[in-house]
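Structure record follows, encoded as C-alpha cells.
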Amino acid sequence: MQFFIDTANLSEIEEAQAMGVVDGVTTNPSLMAKENIIGPDAIKAHYKAICNLVYDNVSAEVIATDFEGMIKEGRALAKIDDKIVVKVPMTKDGVKAIKYLSNQGIRTNCTLVFTTGQAILAAKAGASYVSPFIGRMDDISHHGMGLITQIAQVYQTFECTTKVLAASIRHTMHLIRCAEEGADVATAPFQVIEGLFNHPMTDIGLARFLSDFNEVNEGEESTEALKAEKNTLEEKIAIG
Ligand code: E4P
C-alpha cells in the first residue's frame, strides 16, 4: 500500500519525505485555505512548490462545480506539473469531467466518495483514483472501513485499473486496517503517519541496549553521545 500525506503544508511534506515513507500528497480546498494561499498565482506557485518536494502524485482539487469550469481548471492544474493528479468531486458534472480529462491523458482523483455505487461510476469514467472518506463516515456512525473493503472487492472482481485511495483518515488503526482491507493508497495527516513509529517497548528496548553497551564501554569517547541519547529516551519514557 502506498502512503500519501494529506496536507498542503510544505514543512510537513518535506519532513515526511525525509522519513522516506511517503509516495505522494493529497490536498483539498480546506487544506489550501489553512495555509492561507490566496489567489490563482499563489495557488499555482504553491502546487509547484509541493511538486518540487515529492517524486510523484500531487492531488490538486478543482473549485468549479460545472463541467466546463472543471475541465478548464483541470487542464490548467495539469499544466503546472506532470506530477499533478486533478481532484474532482463526485457529482454528475464531476464524473463527466473525469471522463473528459482521462481521455486527454490527465490523471484524476474522484473525491467525496461515500458509496460503492459512486466508486463504480468513478471507475467507469476512467478515474485514476477514487477517494472514499472513512473518517467522515465514522463521524456519522456509518462503517467507513466497510466501504474500503467493498470497493476494493468490487474493483478486484471487475479488474478495474482505478486505485482505491482511502481518505479522511483520523488515526493509525485506520491506516493499518486500510492495508488489511486492500486499499491501494491511504492518505493521512502527518501526525497519523508519524504515529506509526511509536511503541513504548521500542523506546525501553533501545534504552536498555544503550545502557548495556555503556556498562562495558564506560570511558570510551563514543559513549558520550550514547549516554545523551539514553537520557533523552529515559526522559521520554518518564513523560509517558
Ligand atoms: C483527501 O483527499 C481528503 O480531502 C481528506 O482526507 C479529507 O479529510 P477530512 O475528512 O479529515 O477533512
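Because the structure is a prediction, the values reported are computed rather than measured. In this chain, residues are counted from 1 in sequence order. Indexing begins at 1, ligand by ligand and atom by atom, following the structure's order.
Here the rule is side chain to side chain contact (heavy atoms under 4.5 Å, CB included) with Leu101, and of Leu77, Val62, Val86 only Val86 fits it.
With ligand atoms numbered from 1 in the order given, ligand 1 contributes 9 (P), 10 (O), 11 (O) to contacts under 4.0 Å with heavy atoms of Arg170. For ligand 1 and Lys87, the ligand atoms under 4.0 Å from any heavy atom of the residue are 1 (C), 2 (O), 3 (C), 4 (O). Applying the 4.0 Å criterion to heavy atoms of Arg136 picks out, from ligand 1, the atoms 7 (C), 9 (P), 10 (O), 12 (O).
With respect to Asp81 and Lys48, a salt bridge is recorded, a charged nitrogen being found less than 4.0 Å from a carboxylate O. In this structure, Asp56 pairs ionically with Arg107, as a charged nitrogen and a carboxylate oxygen lie closer than 4.0 Å.
Around atom CG of Asp82, no more than 12 heavy atoms belonging to other residues, nucleotides or ligands sit under 6.0 Å away. Atom CD of Gln156 has 12 or fewer heavy atoms from other residues, nucleotides or ligands within 6.0 Å.
Atom 6 (O) of ligand 1 has its closest protein heavy atom at Asp6 OD2, 2.5 Å. Of the protein's heavy atoms, Asn28 ND2, 2.7 Å lies nearest to atom 4 (O) of ligand 1. Regarding atom 3 (C) of ligand 1, its nearest protein heavy-atom neighbour is Phe133 CZ, 3.5 Å. Taking atom 8 (O) of ligand 1 as the reference point, the nearest protein heavy-atom neighbour is Ser168 CA, 3.5 Å.
Ring geometry for Tyr100 versus Phe67: interplanar angle over 60°, hence perpendicular rather than tilted (30 to 60°).
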